[in-house]
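One structure below.
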Amino acid sequence: MLDIKLIRENPDEIIRRLQTRGADFSVILEIVKWDEERRLLLTEVEAKKNFRNESSKRIGLLKREGKDTTDIMKEVGEANDQISQLDAKVAEIEEKILNVMNVLPNVPRETIKVGTSDTDNKEVRRWGEVRMFDFEPKPHWDIGTGLDILDFERGAKITGARFTVYKGAGARLERAIINFMLDLHTTKHGYMETLPPFMVNAQSMYGTGQLPKFEEDLFKVTPFDYYLVPTAEVPVTNMHANEILALDQMPVYYTAYTPCFRAEAGAAGRDTRGIIRQHQFNKVELVKFTTPETSYEELEKLTNNAEEVLKQLKLPYRVVELCTGDMGFSSAMTYDIEVWLPAFATYREISSCSNFEDFQARRANIRFRREQKGKPEYVHTLNGSGLAVGRTVAAILENYQNADGTVTVPEVLRPYMGGLEIIAINKK
RNA sequence: GCCGAGAUAGUCUAGCGGUAGGGCGCAAGCCUGGAAAGCUUGUGGGGCGUCCGCCCCUCGGGAGUUCGAAUCUCCCUCUCGGCGCCA
């Protein structure tokens, strides 16, 4: 949610910056008109309410004295009719404003490169040596089925397309990665581990910006008003909804493992093979609540924390800064971390780290106080994947594959795999 | 799922048809050599305004009754206790 005061004061500036996302936002000018109309009506109806309050007090006094109140009650009755009409008009305008405000994306930070798609993204840095194979590297789905650690057919049988069964060392590898990431972030990077609900209510989805605009991307748990989480960002950010944080407890760092559920509406035909794009996948998420003046510094640190996972796994990656046209709805600035996948011969997104500034905080009403008596201000919220677990498995299978079809286990994961060094075909 | 009790400002609590009172916390002022204590004032959201102020809203959410609702009626949500079911 954008600040209506900013829109009121500088509509042209807001329009200009929003339009770098590649859509038309002249509706902002409508909002400004409605907002002015709303305030005029408010002044009018509040004067009438003042009359009603004063009159009601007098009626009380007059009745106590046993005097006649017929005339004044008639006046209040008329005022009441006008009040209910004006109130209805105000509510109508407010709804109109809110309906538009709810689907307005965040304003990109001033420094973000203007562009229309991922081809305009700016590469910030690269890390690691891309491995040269002396054999033809196989895609992770061939490696996974060859070792019988990924079972796509049974996943489809049990549930449907884009669901996969992990078996034996594959299941253990997934679990090992989760534990490794959580341990790294909690012991080295200062995050508090949380294990939130995997379903949230509509209010929480609104708070982080998934609703009302992106309902078709979510799994709804009928007949409840609950949704399966598409990312731990939703439950963890909403942990502090409607709260006022104390300055001395900030910045707040949380990490959380959750499965993520995405309908992937509109993704038909893309990444249909393998585990790159699933309806259900695991992710370890990093979430921060910061003051406005430190949020961009915290974004750098958060991104570095996610990169550290890839460094320790010795997986080559690059970091790109998303252009205005490629950024998510709620974000003001986003870094994507892309891991090298040999079979695709390209870098693929494995983490997305964003600063939402006060966009989510305003929707979810998350504030902090600088001083005991000070006015509450909105916090800045940030999050990033640290990392997507399924895609990490895919990256390990492809980058660590051997000519005989086996896969070497990255050193840092071996303690989590009972010392296993090589994943060979499942014996049972 | 059933029965009961609750939800009041940062926090605790009173009020149960006349427009939110008190305690604590916090802040400012007075007092003081300085503090504590004490006393006074303030404490959420919004609107209007020549910055002095004025007004509206807010008692879990919504609808209704009334000149007037924290208070009465109905619906819903959540919390706590008991019973039932259950990994």
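Reminder, nothing fancy here: chain letters follow the sequence lines and each chain counts from 1.
Heavy-atom nearest nucleotides on RNA chain B were determined for A/Gly60 and for A/Thr43, and the one closer to the 5' end corresponds to A/Gly60. Map A/Lys57 and A/Gly77 each onto its nearest nucleotide of RNA chain B; the residue landing nearer the 5' end is A/Lys57.
A salt bridge between A/Lys89 and A/Glu92 is absent, with no side-chain N of the basic residue lying under 4.0 Å from a carboxylate O of the acidic one. Electrostatic pairing of A/Asp3 and A/Arg8 does not count as a salt bridge here, judged by no charged N lying under 4.0 Å from a carboxylate O.
Taking atom P in both B/U40 and B/C48, one finds a spacing of 36 Å when rounded to whole Å. To the nearest whole angstrom, the two P atoms, one in B/C56 and one in B/G68, are 15 Å apart. Nucleotides B/C3 and B/U8 are separated by 26 Å at their C1' atoms, to the nearest Å. Taking atom P in both B/A9 and B/C59, one finds a spacing of 10 Å when rounded to whole Å. The same atom, P, is picked in B/C76 and in B/C2; the two are 11 Å apart, to the nearest Å. With P as the reference atom, B/C54 and B/G42 are 12 Å apart, rounded to whole Å. With P as the reference atom, B/C57 and B/U71 are 15 Å apart, rounded to whole Å. Only the P atoms considered, B/C26 is 39 Å distant from B/A63, to the nearest whole Å.
For the pair A/Asn53 and B/C56, the criterion of a side-chain N or O lying under 4.0 Å from OP1 or OP2 is met. Put simply, A/Arg39 has a side-chain N or O that comes within less than 4.0 Å of OP1 or OP2 on B/C48. Residue A/Asn201 places no side-chain N or O under 4.0 Å from the OP1 or OP2 atom of B/U77. Listed pair A/Arg8 / B/G47 meets the phosphate criterion, a side-chain N or O lying under 4.0 Å from OP1 or OP2.
Using Watson-Crick or G-U wobble geometry with both donor-acceptor distances under 3.5 Å, B/U66 finds no partner in any strand shown. Pair check for B/C59 finds none; no Watson-Crick or G-U wobble contact set falls under 3.5 Å. Pair assignment for B/U77: B/A7, on the basis of Watson-Crick or G-U wobble contacts that are both within less than 3.5 Å. With a cut-off of 3.5 Å on both Watson-Crick or G-U wobble distances, the partner of B/C51 is given as none. Both distances falling under 3.5 Å, in either a Watson-Crick or a G-U wobble arrangement, occur for no nucleotide opposite B/U32. With a cut-off of 3.5 Å on both Watson-Crick or G-U wobble distances, the partner of B/A14 is given as none. Of all nucleotides present, only B/G25 satisfies the Watson-Crick or G-U wobble test against B/U43, with each distance under 3.5 Å. Nucleotide B/G1 is matched to B/C83 when pairs are restricted to Watson-Crick or G-U wobble geometry with both distances under 3.5 angstrom.
Checking B/G46, B/G18, B/C78 against the side-chain heavy atoms of A/Tyr226 singles out B/C78 as nearest. Here the side chain of A/Lys5 is nearest to one of B/C57, B/G46, B/G18, namely B/G46. Distances were taken from every side-chain heavy atom of A/Asn50 (C-beta onward) to each of B/G18, B/C56, B/G46; the shortest belongs to B/C56. Closest to the side chain of A/Glu46, out of B/C78, B/C57, B/G46, is B/G46. Comparing B/G47, B/C56, B/C67 by their nearest atom to the side chain of A/Lys49 picks out B/C56.
Spacing between atom CD of A/Glu94 and atom C1' of B/G46 amounts to 10 Å, rounded to whole angstrom units. Atom CD1 of A/Ile83 and atom C1' of B/U66 are 14 Å apart (whole Å). For A/Ile93 and B/G47, the CD1 to P distance is 15 Å, given to the nearest whole Å. The distance from atom NE2 of A/His240 to atom C1' of B/G10 is 16 Å, rounded to the nearest whole Å. Straight-line distance from the CG atom of A/Leu42 to the P atom of B/C57: 11 Å, rounded to whole Å. Atom P of nucleotide B/G45 and atom CD1 of A/Ile4 are separated by 18 Å, given to the nearest angstrom. Rounding to whole angstrom units, CG of residue A/Leu40 and C1' of B/G46 are separated by 15 Å. Taking atom CG on A/Leu62 and atom P on B/G18, their separation rounds to 17 Å, with Å as the unit.
The aromatic ring centroids of A/Phe289 and A/His240 lie less than 6.0 Å from each other.
Although no hydrogens or angles enter the test, the distance criterion places no donor-acceptor pair under 3.5 Å between the side chain of A/Thr159 and the main chain of A/Ala156. Side chain of A/Gln360 to backbone of A/Thr208: a donor-acceptor contact under 3.5 angstrom is found.
Contact annotation for A/Lys63: base contact, defined as any heavy-atom pair under 4.0 Å involving a base atom.
Screening residues 196-219 of chain A for salt bridge (charged side-chain N to carboxylate O under 4.0 Å, His left out) gives no qualifying pairs among residues at least two apart or on separate chains.
Using cut-offs of 30° and 60° on the angle between ring planes, the pair A/Tyr253 and A/Tyr191 is tilted.
Relative to the ring axis of A/Phe219, A/Arg262 does not place its NZ or CZ within 45° and under 6.0 Å from the centre.
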